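Remember, it's a predicted structure, so these values are computed and weren't measured experimentally. Numbering of ligands and ligand atoms starts at 1, following listing order.
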Amino acid sequence: MKKPLRVMKFGGTSVGDAACIQRVAKIAKDASKDGPIVIVVSAMSGVTNRLIEAATRSEAGEREEANSIFSTLRKQHEAALAALISNEEKRRWMAARLEKIFREGEELCKGTAMLHELTARTLDAVSSLGERLSAPMVAGALVELGVRSEPVESTELIVTDAYHGGADPVMERTREKSQTRLHSLLESGVTPVVTGFIGATDDGVLTTLGRGGSDYSATILGAALDADEVIIWTDVDGVLTADPRLVPDARTIPEISYREASELAYFGAKVLHPKTLRAVSQAGVPVWIRNSFAPEQTGTKITPKGRSNGGGVKALTAIRDVALITVGGPGIVGAPDVVGRTFSTTAQVKANILLISQSSSQNDICLIVAAADAKRTVEALRKEFAQDVAHEKVEHITVNPSIAIVAVVGENMRGTPGISGRTFSCLGRRDVNIIAIAQGSSESTISFVVSEKDMKTALQATHAEFGLSAARSARESKVKVS
Ligand code: ADP
Ligand code: ASP
Ligand code: MG
């Protein structure tokens, strides 16, 4: 029987230093005994943030600061390399390879500083350096353990559109390229270590898939290679009932559906990039979330249908990097053009709208946009409605950045009466004021807007109300059975 092909992605904390990389190499070595694997890696934890800072500092003309970031990054990578590669000649050869990548970054920043201009294309080129540095180190660590391995730059594999900073794959071309390149490596017994986060247009211009995009790289490759499984290794035991940093008694969910996991990711659960499951939705490849620091844990299995818990709440999430924009005034009631113009304006400025709610009694249209989009959206709306404001048809266009969206997620919740009622009464008991609500026709999410200061209370109250801390984790259910 053919052995299963698995794609394994290791996130930033999983490759955070030499000891972590060694742990990853051990996991990969053990897994490679059961069948071929393709590894996808992120940059070492924190590196992408620092690279982006170097690029923006350069744009502001702050050359010294950018140089000092590069020198810190060099030290960090050199230290890891020294601990990982025992053979001196090999180490020197690898250090020269990494040095070339650092020089490329410095040149890009130098150009940016001279022009005082940071294009989306240059930002992609600089922010991608972290993965290009980590992949050779992980491959080197595997070779140290006696596993034949080679780093592969995903510009050779993943073909994308030209949308810098959030590119999408062109699947047919990606399939052709990935199959040719990776199958030949796998057939010759080599484990490829692919740079996550990165793609390239058909003309070879580097793009990135968006922050946190290595998860997406893994499923894109999983789909392109017809893999049997994708395993996303991170620093928590799986998908939890809430972000453990905000709800300490959050538990691991043993199995969850594509839909539920996507809703959680869309509303801010950082454990998964929001587009991750898109790539595998047609093929139905199972995606696992597992802990590279506790590989003995089973983790969470994400499958097309998930496992029903009878239609109740499965998990909660919150997103705080958002702003509430309100377009309000008496002229809004019965004026369809206001709604139309509002959304064509937000579309023109490419604002990412996460939630919409309209209150007819207060004559308000509320939109929640990503914080990064708030300024330009409000400016565009004020311009669009300048005349209406002058004639008091539209009274105000305001923005409130101190808010958060909380989402309650579970498949088929709409068919279970009382969930919204319980959610809102438990929040009322804790004096949490609800600013806006959206349930829509989605059967799997109720989302509401609260003041940012109330976000944690809202999460903890709802978590307790639906007994989510009592939900048995994969680990506990295993113990119970045995
Ligand atoms: P990686 O570097 O491996 O990609 P991330 O930091 O991007 O890891 O994602 C993992 C983090 O996501 C966890 O450490 C946790 O704090 C956060 N997180 C937020 N919501 C959830 C959730 N519902 N389940 C698990 N982790 C979550
Ligand atoms: N290194 C990239 C980031 O920090 C991609 C990833 O980690 O998934 O956004
Ligand atoms: Mg991530």
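- Summarising the contacts of atom 9 (O) of ligand 2 with Glu131, Lys270, His273, Arg211, the nearest heavy atom is found in Arg211.
- Of the protein's non-hydrogen atoms, the one nearest atom 14 (O) of ligand 1 is Asp235 OD1, 2.8 Å.
- Considering both main-chain and side-chain atoms, Gly268 never comes within under 3.5 Å of ligand 1 through any nitrogen or oxygen pair.
- Not a single N or O atom of Asp215, backbone or side chain, sits closer than 3.5 Å to an N or O atom of ligand 1.
- The closest non-hydrogen atom to atom 27 (C) of ligand 1, taken over Thr300, Val271, Asn291, Ile256, comes from Val271.
- Between Thr241 and ligand 1, no N or O atom pair is found at a separation short of 3.5 Å.
- Checked against a 3.5 angstrom limit, the closest N/O atoms of Leu240 and ligand 1 fall inside it.
- Looking only at heavy atoms of the protein, atom 21 (C) of ligand 1 is closest to Asp243 CA, 3.8 Å.
- When only interatomic distances are considered, the shortest N/O to N/O separation between Thr48 and ligand 2 falls below 3.5 Å.
- Close N/O approach between Gly12 and ligand 2 is not found [any backbone or side-chain N/O within under 3.5 Å].
- Close approach of ligand 1 to Lys9 is summarised as follows: ligand atoms under 4.0 Å from at least one heavy atom of the residue are 4 (O).
- Considering only non-hydrogen protein atoms, atom 16 (O) of ligand 1 sits nearest to Arg245 NE, 3.0 Å.
- Heavy atoms of Leu264 stay at 4.0 angstrom or farther from ligand 1.
- Remark: ligand 1 and Ser14 share no N or O pair separated by less than 3.5 Å (distance only, no angle test).
- Distances from ligand 1 to the non-hydrogen atoms of Ser45 include no value under 4.0 Å.
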